[in-house]
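Data block below; observations after.
Whatever order the structure lists them in is the order used to number ligands and atoms, beginning at 1. Owing to the predicted nature of the structure, the values given are computational and were not obtained by experimental measurement.
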Amino acid sequence: MAWRGFPNVVLIILMSLSSITKTTCSSSSILYPNFYDQSCPCALPAIKLVVEDAVQKEPRMAASLLRLHFHDCFVNGCDGSLLLDTTDTIDSEKNSAANRNSTRGFNVVDDIKREVDTCCGGAVVSCADILAVAARDSVGAVGGPTWEVQLGRRDATTASKTAADANIPPSFLDLPALIDNFKNHGLDEKDLVLLSAAHNLGFAQCLFFKNRIYNETDIDPAFAEHLKSACPINGGDSNLSPLDPSPASFDRSYLTNLVQHRGLLHSDQALFSGGYTDELVKIYSIDDMAFRSDFAQSMIKMGNIQPLTGDEGEIRRDCRKVNH
Ligand code: HEM
Ligand SMILES: *[C@@H]1O[C@H](CO)[C@@H](O)[C@H](O)[C@H]1NC(C)=O
Ligand SMILES: *[C@@H]1O[C@H](CO)[C@@H](O)[C@H](O)[C@H]1NC(C)=O
């Protein structure tokens with residue numbers, strides 16, 4: 001790996017440089033930040049208001065909305081397909097293994113859509129763009145970095161549970177499989193570490209970390225013991241534990257925890273388990289500025305995955321249904 005053998009200071013400088021390059025290049029993307037400036041200047045403030053309100057009512061909602069953008073983008077691109085409900089012709093992604101009984105926040109997305117369409121005087125802003133902006137505003141609402149969201153995505157008219165099952169990584173994956181999954185989405189090891197650090201927010205159900213706390217060895221024993229009361233060996237599958245010690249504020253504690261072998265999910269600890277992402281985890285666990293700015297860059301990169309643009313797809317009137 002390219003970063004091996006470099007002193008950390010050099011690495012951090014190199015990383016900052018690559019961030020600058022990426023920012024410059026993003027203007028060549030088909031998406032651009034001022035897409036709605038003429039057609040609906042009130043759109044972005046309207047989204048922000050609803051997100052901030054929802055997060056104030058329930059801090060976890062920041063995590064839940066951020067995750068929706070990820071689960072949308074990893075399945076045939078950031079096209080709002082995740083939001084479609086089951087019909088005769090829609091095989092809803094909400095029924096996939098990663099989403100069923102797990103993804104949440106769909107009602108807040110409905111609230112946002114209603115507010116945005118009211119202020120725009122019609123369906124101007126796509127549901128895919130709403131997810132991208134809501135993810136940014138969610139991170140901002142809990143003390144995270146902010147960034148300019150690339151806009152102009154259009155909404156899919158189809159969804160695929162099969163594609164969701166094939167593309168959203170399950171938590172039992174090891175590092176090579178995680179790297180491979182991210183590569184398939186145009187994302188590298190650095191993006192994997194940074195975007196996984198979204199797990200500095202929110203919660204996971206016992207079902208997803210039971211095997212880790214009862215069977216795995218690469219875990220701080222006191223941490224495993226502590227989790228067992230909320231996650232018994234039999235039952236309790238939907239009991240929640242925070243993904244890091246501060247699930248409602250954006251910080252580096254997910255990363256410092258990994259260094260202490262206190263990752264909650266197998267896929268979390270896999271990032272710091274003797275493999276070649278260890279060094280990245282260490283660097284970002286120490287350098288808050290680099291973590292915040294590079295997290296933002298990776299979010300932009302994820303948001304650029306395979307969007308529908310131009311006359312592809314549609315601007316949905318209801319995020320849960322295709323237009324007819
Ligand atoms: C690297 C592979 C990843 C795996 C295997 C994974 C897996 C999981 C699992 C199993 C949960 C708990 C779900 C539940 O208990 O219902 C979860 C929660 C979460 N994930 Fe991931 N995830 C990954 C990457 C990401 C990325 C890239 C993001 C966003 C950029 C993200 C954001 C979140 C958030 C914010 C939560 C908490 C949601 C809430 O509390 O509602 N995850 N993830
Ligand atoms: C979803 O969770 C509920 C409550 O924990 C549980 O009763 C139900 O069986 C779960 N459904 C699926 C499909 O896993
Ligand atoms: C621990 O591993 C064994 C063997 O793979 C498995 O049968 C068992 O279900 C695991 N226990 C938990 C709590 O996941």
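Taking the six-membered ring where the residue is Trp, Phe295 and Trp147 present perpendicular rings, their angle passing 60° and hence far from 30°.
Within His199, the N, O or S atom at minimum distance from atom 21 (Fe) of ligand 1 carries the name NE2.
The nearest protein atom to atom 25 (C) of ligand 1, hydrogens excluded, is given as Phe70 CE2, 3.2 Å; this is a heavy-atom distance. Regarding atom 2 (C) of ligand 1, its nearest protein heavy-atom neighbour is Pro169 CG, 3.5 Å. In terms of protein heavy-atom proximity, atom 38 (C) of ligand 1 is closest to Arg67 CD, 3.8 Å. At the top of the distance list for atom 35 (C) of ligand 1, counting protein heavy atoms only, stands Ala63 O, 3.2 Å. Looking only at heavy atoms of the protein, atom 29 (C) of ligand 1 is closest to Ala198 CB, 3.4 Å. For atom 16 (O) of ligand 1, the closest non-hydrogen atom of the protein is Ser102 OG, 2.5 Å. Among protein heavy atoms, the minimum distance from atom 39 (C) of ligand 1 is reached at Arg60 NE, 3.4 Å.
Under the 3.5 Å distance criterion, with hydrogens and angles disregarded, no donor-acceptor pair is assigned to the side chains of Ser160 and Glu93. If you check the side chains of Asn99 and His71, you find a donor sitting under 3.5 Å from an acceptor. Side chains of Arg67 and Ser102: a donor on one and an acceptor on the other come within 3.5 Å. If you check the side chains of Asp165 and Thr162, you find no donor sitting under 3.5 Å from an acceptor. A donor-acceptor contact closer than 3.5 angstrom links the side chains of Asp244 and Ser253.
Summarising the geometry, atom CG belonging to Leu68 is positioned 8.5 Å from atom CE belonging to Met61; distances are rounded to the nearest 0.5 Å. Rounding to the nearest 0.5 Å gives a distance of 13.0 Å between CZ of Arg262 and CG of Leu264.
Here Leu207 has no heavy atoms under 4.0 Å from ligand 1, in either its backbone or its side chain. In His69, neither the side chain nor the backbone holds a heavy atom less than 4.0 Å from any atom of ligand 1.
Checked against a 3.5 angstrom limit, the closest N/O atoms of Ser171 and ligand 1 fall outside it. Between Arg104 and ligand 1, no pair of N/O atoms sits closer than 3.5 Å. The shortest N/O to N/O separation between Asn215 and ligand 3 falls below 3.5 Å. Considering backbone and side-chain atoms alike, Gln205 places an N or O below 3.5 Å from some N or O of ligand 1. In terms of N/O distances under 3.5 Å, ligand 1 is not approached by Met299.
Counting the atoms of ligand 1 from 1 in the order shown, those under 4.0 Å from a heavy atom of Ser196 are 1 (C). Less than 4.0 angstrom separates some heavy atom of Lys210 from each of these atoms of ligand 3: 13 (C). Ligand-side atoms of ligand 1 in range of Leu201: 35 (C), 37 (C), range being under 4.0 angstrom from any heavy atom. Set against the non-hydrogen atoms of Ser267, the atoms of ligand 1 under 4.0 Å away are 4 (C), 5 (C). Near Ala204, the atoms of ligand 1 lying under 4.0 angstrom from a non-hydrogen atom of the residue are 12 (C), 15 (O). Under a 4.0 Å criterion applied to the non-hydrogen atoms of Gly202, ligand 1 contributes the atoms 37 (C), 40 (O). Set against the non-hydrogen atoms of Leu265, the atoms of ligand 1 under 4.0 Å away are 7 (C), 8 (C), 9 (C), 10 (C). Atom numbering of ligand 1 starts at 1 in the shown order; those under 4.0 Å from a heavy atom of Pro170 are 5 (C). Ligand 1 places these atoms under 4.0 Å from at least one heavy atom of Leu243: 18 (C), 19 (C), 36 (C), 37 (C).
Remark: Lys321 NZ is loosely packed, at most 12 non-hydrogen atoms of other residues, nucleotides or ligands lying under 6.0 Å away.
In summary, the aromatic rings of Phe209 and Phe172 are positioned with their centroids too far apart to meet the 6.0 Å limit. Phe272 and His261 have their aromatic ring centers within a separation under 6.0 angstrom.
When distances from atom 11 (N) of ligand 3 to the protein are checked, a heavy atom turns up under 4.0 Å. Distance screen at 4.0 Å: atom 7 (O) of ligand 3 has no protein heavy-atom neighbour inside the cut-off. Distance check on atom 3 (C) of ligand 3: some protein heavy atom falls below the 4.0 Å cut-off.
Summarising the contacts of atom 41 (O) of ligand 1 with Ser138, Ser64, Ala62, the nearest heavy atom is found in Ser64.
In this structure, Asp110 contributes its side chain and Cys319 its backbone to no donor-acceptor pair below 3.5 Å. When atom types are taken as modelled, the side chain of Lys94 and the backbone of Leu83 share a donor-acceptor pair closer than 3.5 angstrom.
For Lys113 and Asp318, the salt-bridge test fails: no basic side-chain N is under 4.0 Å from an acidic carboxylate O. Asp79 has no carboxylate O lying under 4.0 Å from a charged side-chain N of Arg153, or vice versa, which leaves the two without a salt bridge.
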Residue pair Ser246, Asp251: steps toward the side-chain hydrogen bond (donor to acceptor under 3.5 Å, both in side chains) verdict | CA-CA 8 Å; Ser246 51; Asp251 58 26; 2.5 Å; yes

From CA spacing to verdict: salt bridge (charged side-chain N to carboxylate O under 4.0 Å, His left out), Arg104, Glu58 | CA-CA 12 Å; Arg104 56 200 296 283; Glu58 189 205 0; 2.8 Å; yes

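In this structure, Phe182 counts as a contact residue of ligand 1, since one of its heavy atoms falls inside 4.0 Å of the ligand.
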